[in-house]
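Input: a single structure, listed below in C-alpha cells.
A note on names: the letters A, B, ... follow the listed sequences, proteins ahead of strands, and every chain is numbered from 1. Please read these numbers as outputs of a predicted model, since none were measured by experiment.
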Amino acid sequence: MRRVTVYDSMDREVRAFAPRTPPRVGLFVCGLTPYDEAHIGHARTFVFFDVVARALTRWGYRVFSVQNVTNLDDKLIDRAAESDEDPLVLADRHFLTWRIAAERLGIRSVNYYPYATDYTPEILTQIEALVHRGFAYPSAGSVYFEVAKFPGYGKLSGQRTEALRPGARVEVDPAKRSPEDFVIWKAATPGEPSWESPWGPGRPGWHVEDTAITLRLLGARYDIHGAGLDLIFPHHESEIALAEAATGESPLVNYWMHAGLLTMKGEKMSKSLGNVYALSTALDEFGPMVLRFFYLNAQYRSPLEFVRGKSLEESREAYATLALPAHRIAEIVERDGPERAGEPLPDDLASEAESLVDRLDETLAEDFNTREAIALLFGWSRRLGALLERLADYDGDALAELGAPYDWGREVLGLFERVGEGRAGAWAKLVPVAIAARARARARGDFAEADRIRDELLGAGIRLEDHAAGSRWSFARTD
RNA sequence: GCCGAGGUGGCAGAAUGGUUAAUGCGACGGACUGCAGAUCCGUUUCCUGGGGGUUCGAUUCCCUCCCUCGGCUCCA
C-alpha cells in the first residue's frame, strides 16, 4: 500500500494516513437532504470523495463507502406541505434524480446510501444510551443533548459554546435547559411522519441520524468522515459529541476531510442565496467530463469560484486539449484492436510514460492533489500533441503504453470516459458516407456543397474537422 | 462579536525556505487550410493584500493590520 497523506481538519495539518484495520478503510460522507434538485456545488464534494475512494482502492485499500440520505427533516416537511405531498415521497423523488445525475457524473464508488428513517431503531437505541448515561434529557416530548455534559464539545470547530450567540438565527427553544443544547428526538407534530418512542411519537433530529448509521455500519470508530466544510459546525461537532458520549470510545473519526465550497461572486452557492446552477442543467450543457474536470482542476480544500458563462466554457476548452490524445489513442485501438501492427514505441517515450504514472500516484497521494495530477497530464498531452498524426504508426503495445497515463486518469479521476459512445453506432456508418461525398465535392472545387454537408452534419450534432489524413468527426456535444 | 478558511498574472488556479513562481483559459504572432475548425510552434519580461520580524535568502515560518468568504443550531 502506498504512503498517503491526508489533511485532517481536526488537527489542522497534513498527516500520514493509517487506517485502523488496513487494508480496510471506512469512509462516511454526509449526503444530501433531497428537498430540492442538487446544484453544482453539491456535486463538487461528492465528485471529490469519489476520487478519494477510487484512489485508495487503486493503492490497495479496501474502501467501504457510505453516504447517508437525510430523507426527513424540517425542510423536507415544509417543502412537502407546499405541494401537499408526503415528505418521504418527495425525498425519494429528489434522491432518485440525484442518483441519476451522480451516475452520469461517474460517481460509482459509494457502496451504500442508507436512508435515515430506515435506522430509527438504531437511533432510538443511541438516544436511550445517551439518556441513560446522563448526556441527554427528555423535555416536552422531545429529547435534547446536553452540551455542557460533554467537555470535548468544540474540539473540531474551535467553537466555545459560551461564545455562541444564542438565538442569533433561530429562536431559542424554551424546552431546552441551555440554549446550546440540541434536539436529538423531536416530538411529533400532527400530520407529520412519526415513530413511537419511550418519549412519545416523534422523529429523529439531524445529527443523531448520522451517528446511528455510522455506529451500525462503520463501528464506534472509523477512518474518514467527509463533507463540505459548511457542515463542521454544528453538525460534525455534534456528531462527535453524540457518538463519543454514547459509546464511550474516542475518537469517533481518525481523519476529518472537508471540501471547500463552490462560490459564485465569492459567495457560497446555495438555495437560500438563490445563486444556484442546477446540476442537471450543467450536465446537459457541458457533459459530465467537463464538470469533473472543473472540480478536480482545483485543490479540494480551496474555495472554487464558478462564473456563469465562463468557468465551464473554459473547462470545456481545457479538457478538450487534455483529452484529445487520449481519445485519439482509444479510437485507433477501437478500430484496429489491441494487437494492431505498427512500430514499437521508442524507449524514451516508454519510460517517460511509465514514470509519469508513478509521479501521478505520488502526487495524488499527497492529500489528493488532483490539480497537480492534472497539470502533469497536461504535460503528457502536450508531448503527445506534437506527434498526434504519428500515433497511427505505432503498434498496439506502444499505444497501450502511451495511453497508460490516461488510463490512470480514467481509473482515478474518472476523466477520459467517452460518454458519447453509446450513440456512436448509429452514426458510424452514415458519417463516413457523408465525408466521402464531401471529399468529392472539395476535390472538384464545389466548396458550397462541401460547406453545406458540414453544416448539415453539425445541425445533427456531428462536427467535422479536416486534417491532412482526411476528415475526422466527433459529437458536437457529448453527454 | 466569537470560531474557521482564504487573499498569487487579464481570468481560473497550483507549488515551494533558494536558479527564469506550475498548469490551463484568454490574447498576440507564425505554420497548416479553399474557408472554418482543430492541431503544432513561439510570445504574453513588470503577478504572491499592507506593514513589521526571523533568515545569507520569505510567496512560504512568526507577529500585526486590512479585505473577502464560511459557520454561530437549515446547508455539500
Query - Distance, rounded to the nearest Å, where A/Arg12 contributes CZ and B/G6 contributes C1' - result: 14 Å
**Report entry** Gap in Å between the two C1' atoms, one belonging to B/C47 and one to B/U20, rounded
**Finding:** 14 Å
Report summary line: Partner of B/A5 under the Watson-Crick or G-U wobble criteria, both distances under 3.5 Å, comes out as B/U68
Requested in this report: Identify whether any heavy atom of A/Gly31 sits under 4.0 Å from a base atom; if not, whether one sits that close to sugar-phosphate; answer base, sugar-phosphate or nothing.
Outcome: sugar-phosphate
Query raised in the report: A/Tyr277 pairs by side-chain hydrogen bond (donor to acceptor under 3.5 Å, both in side chains) with which of A/Glu285, A/Arg308, A/His39?
Result: A/Glu285
Requested in this report: Report yes if a donor N or O on one partner sits less than 3.5 Å from an acceptor N or O on the other, where the partners are the side chain of A/Lys268 and the base of B/C69; otherwise report no.
Outcome: no
Report task. Give none if B/A27 has no partner; otherwise give the nucleotide forming a Watson-Crick or G-U wobble pair with it, both distances under 3.5 Å. Result -> B/U43
Query raised in the report: So, does the side chain of A/Asp73 form a donor-acceptor pair with the base of B/C74 at under 3.5 Å?
Result: no
Query raised in the report: Pick the nucleotide of RNA chain B nearest each of A/Thr263 and A/Thr45; which residue has the one closer to the 5' end?
Result: A/Thr263
Report task. Using a heavy-atom cut-off of under 4.0 Å over every strand shown, decide if A/Asp466 touches base, sugar-phosphate, or nothing. Result -> base
Query raised in the report: Are the charged groups of A/Asp50 and A/Arg54 less than 4.0 angstrom apart, N to O?
Result: yes
Report summary line: Quick tally for nucleotides 14-25 of chain B: nucleotides whose base has a protein heavy atom under 4.0 Å get B, sugar-phosphate-only ones S, the rest -, giving SS------BBBS
Report task. Examine the side chains of A/Thr33 and A/Asp73 and answer whether a donor and an acceptor come within less than 3.5 Å of each other. Result -> no
**Report entry** Separation of atom NE2 in A/His258 from atom P in B/A5, rounded to whole Å
**Finding:** 12 Å
Query - A/Leu388 CG to B/C32 P, straight-line distance once rounded to whole Å - result: 18 Å
**Report entry** Between B/G53 and B/U68 - C1' atom distance, rounded Å
**Finding:** 26 Å
Requested in this report: Let me know the distance between CG of A/Leu304 and C1' of B/C69, rounded to the nearest Å.
Outcome: 14 Å
Requested in this report: Rounded to whole angstrom, note down the P distance from B/G30 over to B/C69.
Outcome: 44 Å
**Report entry** Nearest-angstrom distance from the residue atom CG of A/Asp230 to P of B/G6
**Finding:** 15 Å
Report task. Identify whether NZ of Lys or CZ of Arg in A/Arg301 sits under 6.0 Å from the centre of the six-membered ring of A/Tyr7 and within 45° of that ring's axis. Result -> yes
Query raised in the report: Can the positive tip of A/Arg442 be found less than 6.0 Å from the middle of the six-membered ring of A/Phe447, inside 45° of the ring normal?
Result: no
Report summary line: Considering only heavy side-chain atoms of A/Leu231, the closest of B/G13, B/A76, B/G71 is B/A76
Query raised in the report: Reckon A/Arg438 touches a base, only the sugar-phosphate, or nothing at all at heavy-atom distances under 4.0 Å?
Result: base
Query raised in the report: Would A/Phe447 pass as stacked on B/G34, i.e. its ring centre under 5.5 Å from the base's six-membered ring centre and planes under 30° apart?
Result: yes
Query - Between B/G9 and B/A15 - P atom distance, rounded Å - result: 16 Å
Query raised in the report: Is A/Leu262 touching bases, backbone alone, or none of the nucleic acid, heavy atoms closer than 4.0 Å?
Result: base
Query raised in the report: Which of these nucleotides, B/G37, B/G13, B/C2, is closest to any side-chain atom of A/Gln159?
Result: B/C2
Query - Interatomic distance at P, B/U64 relative to B/C2, whole Å - result: 13 Å
Report task. Looking at every strand, decide which applies to A/Arg472 at a 4.0 Å heavy-atom threshold: base, sugar-phosphate, or nothing. Result -> nothing
Query - Rounded P spacing from B/A22 to B/U16 in Å - result: 14 Å
**Report entry** Polar pair under 3.5 Å, donor/acceptor by atom type, side chain A/Asp451, base B/G34
**Finding:** yes
Report summary line: Ranking B/U73, B/A76, B/A38 by distance to the side chain of A/Met269, first place goes to B/A76
Query raised in the report: What is the distance, rounded to the nearest whole Å, between atom CZ of A/Phe95 and atom C1' of B/A76?
Result: 14 Å
Requested in this report: Answer yes or no: does atom CZ of A/Arg177 have more than 12 heavy-atom neighbours from other residues, nucleotides or ligands under 6.0 Å?
Outcome: yes
Report task. Nearest-nucleotide wise, let me know which of A/Tyr7 and A/Val307 is further upstream toward the 5' end of RNA chain B. Result -> A/Tyr7
**Report entry** P spacing across the pair B/G24 / B/U43, given as an integer number of angstrom
**Finding:** 13 Å
Requested in this report: Send over the distance from A/Phe48 CZ to B/G13 C1', rounded to a whole Å.
Outcome: 16 Å
Requested in this report: Name the pairing partner of B/A22, where a pair is Watson-Crick or G-U wobble with both distances under 3.5 Å, or state none.
Outcome: none
Query raised in the report: Got a sec, which residues hit ring pair (Phe, Tyr, Trp, His ring centres under 6.0 Å) with A/Tyr112, two or more places apart in sequence or on another chain?
Result: none
Query - Worked verdict on A/Glu417 versus A/Arg410 for side-chain contact (heavy atoms from CB on, under 4.5 Å) - result: CA-CA 7 Å; A/Glu417 300 280 3; A/Arg410 194 174 297 116; 3.4 Å; yes
**Report entry** Distance in angstrom units between A/Leu312 CG and B/G13 P, rounded
**Finding:** 13 Å
Query - Pairwise P distance, B/U45 and B/C11 [rounded to whole Å] - result: 14 Å
Query raised in the report: Using purine N1 to pyrimidine N3 plus N6-O4 or O6-N4 for Watson-Crick, or N1-O2 and O6-N3 for G-U wobble, both under 3.5 Å, which nucleotide pairs with B/G37?
Result: none
Query raised in the report: So what does A/Leu324 hit on the nucleic acid, given a heavy-atom distance under 4.0 Å: a base, only sugar-phosphate, or nothing?
Result: sugar-phosphate
Query raised in the report: For A/Glu85, does the CD atom have more than 12 heavy-atom neighbours from other residues, nucleotides or ligands under 6.0 Å away?
Result: yes
Query raised in the report: Looking across every strand, which nucleic acid part, if any, lies under 4.0 Å from A/His235 by heavy atom: base, sugar-phosphate, or nothing?
Result: nothing
Requested in this report: Determine the contact category for A/Ser9: base if any of its heavy atoms lies under 4.0 Å from a base atom, sugar-phosphate if only primed atoms, P, OP1 or OP2 are that close, otherwise nothing.
Outcome: nothing
Report task. Output all residues satisfying side-chain contact (heavy atoms from CB on, under 4.5 Å) with A/Ala439, sequence neighbours left out; order by chain, then residue number. Result -> none
Report task. Would you mind classifying the nucleic acid contact of A/Gly41 as base, sugar-phosphate or nothing, using non-hydrogen atoms under 4.0 angstrom? Result -> base
